[in-house]
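Shown next, in structure tokens, is the structure this report addresses.
Residue numbers run from 1 in the order of the sequence given. Atom set for the values below is all heavy atoms of this structure, side chains included, hydrogens, waters and symmetry mates excluded. Here the structure is a predicted model, which means the values were calculated and not measured.
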Amino acid sequence: MGRLDGKVAIVTGAAGGIGSCIVDTFLREGATVFAADSKAGRVRAGAPLDDRARPLRLDVTVEAQWEAAIDEVRRQCGGLDILVNAAAHLQPGDSFATTTSETWSMTFRVNTEGVFLGCKQAIPAMTGRGDASIINISSGVAVRASAQAPAYCSSKAAVIALTKSIALYCAQKGCGIRANVILPGAVDTPMLRRNIAHSGLSEAKYLEKVRNTHPLGRIGQPPDIASAAVFLASVESSFITGIELPVDGGQIL
């Protein structure tokens, strides 16, 4: 028995990094997973697991594509139980002085507006399904000051407030939907490694510097975040809504 047997999920940002790992983990736990990404051709499931892995082309910044995606999920499965908003945009190397208005706008469109649009379109398909779950991926830098990537930090901070608002809305409306947000620390993904070229450090020195920001003494791995997402998606967390869950090796302390 899997912890998500019979559940239907959408995971955005599914072509790589944290999103891809969440897709694979949800599949192993028994869910049917619509693996959504603007680069749908690059979406893969780690192992062939019958027809429960379903790639879905989705630009999270376009509301019409969200509407079409939810319609497709309803057509195939009748409704939706889990939404994971993991798609993210980070412009590597940006400081406050070098961040352009275009970068600011694009970052908020993907990281914040994309979450808003997804939740807005998904909630009707999730209402009345029982214990449904929205899981938004924010970041530790949403609550911990950083001089770098101000657009990313700010957009991820907005996701926390948005998630709490959604949690209250769904509870007050009796939707049967919980909403929580995960705050990863530094996780070893392609997004993290794109920063190396802008750091002025060798790969080894950069990774050592990042590793030393975590009291537990290592950089996070995508399965660390995927495991937390399974918990928040499952009945094990059925009395939890509106929380910020740091998964960061103590980085936030």
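For Pro184 against Ile137, the heavy-atom pair with the smallest separation is CG-CG2, 3.8 Å. Closest approach of Leu58 and Ala36 over heavy atoms only: CD2-CB, 3.8 Å. Scanning both residues, Gly17 and Pro222, for their nearest heavy atoms gives O-CB, 4.2 Å. Ile177 approaches Cys170 most closely through the heavy-atom pair O-CB, 3.4 Å. The minimum heavy-atom distance linking Ser138 with Ala157 is given by the pair OG-N, 4.5 Å. Asp5 approaches Gly30 most closely through the heavy-atom pair OD1-CA, 3.3 Å.
Considering only heavy atoms from C-beta on, Ser95 comes within 4.5 Å of Gln148 through its side chain. Contact check for Met126 versus Ile134: side-chain heavy atoms found under the 4.5 Å cut-off.
Residue pairs meeting the salt bridge (Lys or Arg N to Asp or Glu O under 4.0 Å) criterion with at least one partner in residues 114-126, sequence neighbours excluded, are Glu63-Lys120. Sorted by first and then second residue, the ring-ring contact (aromatic ring centres under 6.0 Å, His included) pairs with a member in residues 105-149 read Trp104-Phe108; sequence neighbours excluded. Within the structure, side-chain hydrogen bond (donor to acceptor under 3.5 Å, both in side chains) pairs that include any residue of residues 180-192 comprise Asp188-Arg193 (at least two apart or interchain). Every pair passing side-chain hydrogen bond (donor to acceptor under 3.5 Å, both in side chains) that includes a residue from residues 221-230 is listed here, sequence neighbours excluded: Arg218-Asp224. Residue pairs meeting the ring-ring contact (aromatic ring centres under 6.0 Å, His included) criterion with at least one member in residues 62-99, sequence neighbours excluded, do not occur. For residues 87-108, no pair satisfies salt bridge (Lys or Arg N to Asp or Glu O under 4.0 Å), with sequence neighbours left out. Evaluation of the salt bridge (Lys or Arg N to Asp or Glu O under 4.0 Å) test over residues 156-165, restricted to residues two or more places apart or in two chains, returns Lys164-Glu244.
Under a hydrophobic-cluster definition in which Ile, Leu, Val, Met, Phe, Trp and Tyr are linked whenever side-chain heavy atoms come within less than 4.5 Å, directly or via other members, Ile240 and Ile225 are assigned to the same cluster. Ile160 and Val60 fall within a single hydrophobic cluster, where Ile, Leu, Val, Met, Phe, Trp and Tyr are joined by side-chain heavy atoms under 4.5 Å apart, directly or via other members.
Distance check, rounded to the nearest 0.5 Å: OG1 of Thr241 to CG of Leu232 gives 9.5 Å. Once rounded to the nearest 0.5 Å, the distance linking CG of Asp71 with CZ of Arg74 reads 7.0 Å. How far OG1 of Thr112 is from CG of Asn85: 11.0 Å, rounded to the nearest 0.5 Å. To the nearest 0.5 Å, the span separating CG on Leu83 from CD on Gln121 amounts to 11.0 Å. Note: Gln65 CD to Leu117 CG = 11.0 Å, rounded to the nearest 0.5 Å. The line from OG of Ser165 to CG of Leu162 is 6.5 Å long, rounded to the nearest 0.5 Å.
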Item to check | side chain to side chain contact (heavy atoms under 4.5 Å, CB included) assessment of Thr32 paired with Arg54 | outcome: CA-CA 8 Å; Thr32 295; Arg54 306 181 187 185; 3.8 Å; yes
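Checked against salt bridge (charged side-chain N to carboxylate O under 4.0 Å, His left out), Arg129 has the following partners two or more places apart in sequence or in another chain: Asp81. Taking the side-chain contact (heavy atoms from CB on, under 4.5 Å) definition, one finds that Glu29 meets it with Arg3, Leu4, Val230, sequence neighbours left out.
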Can you list, pair by pair, the side-chain donor-acceptor contacts under 3.5 Å of residues 246-253, counting residues two or more places apart and other chains?
| unit_1 | atom_1 | unit_2 | atom_2 | d |
| --- | --- | --- | --- | --- |
| Asp248 | OD1 | Gly250 | N | 3.0 |
| Asp248 | OD2 | Ile252 | N | 2.9 |
| Gln251 | OE1 | Arg144 | NH1 | 3.3 |
| Gln251 | OE1 | Arg144 | NH2 | 3.3 |
| Gln251 | NE2 | Thr213 | OG1 | 2.7 |
| Gln251 | NE2 | His214 | NE2 | 3.4 |

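When each of Leu245, Ile22, Val84 is checked for a side-chain contact (heavy atoms from CB on, under 4.5 Å) with Ile135, only Val84 meets the rule.
Between the side chain of Ser234 and the main chain of Phe231, a donor-acceptor pair closer than 3.5 Å is present. Without hydrogens or angle criteria, Arg178 side chain to Phe239 main chain gives no donor-acceptor distance under 3.5 Å. Formation of a donor-acceptor pair under 3.5 Å by the Thr103 side chain with backbone atoms of Thr99 is not found in this model.
Apart from Val141 itself, the hydrophobic cluster it occupies contains Leu90, Tyr152, Met191, where clustering links Ile, Leu, Val, Met, Phe, Trp and Tyr at side-chain heavy-atom distances under 4.5 Å. Here Ile219 is tied into one hydrophobic group with Leu192, Ile196, Leu201, Tyr206, Leu207, Val210, each link being a pair of ILVMFWY side chains closer than 4.5 Å.
Using a 3.5 Å distance cut-off with no hydrogens or angles, the side chains of Asn136 and Thr163 do pair a donor with an acceptor.
Between Arg211 and Glu208, no side-chain nitrogen of the basic residue sits less than 4.0 Å from a carboxylate oxygen of the acidic one, so the salt-bridge criterion is not met.
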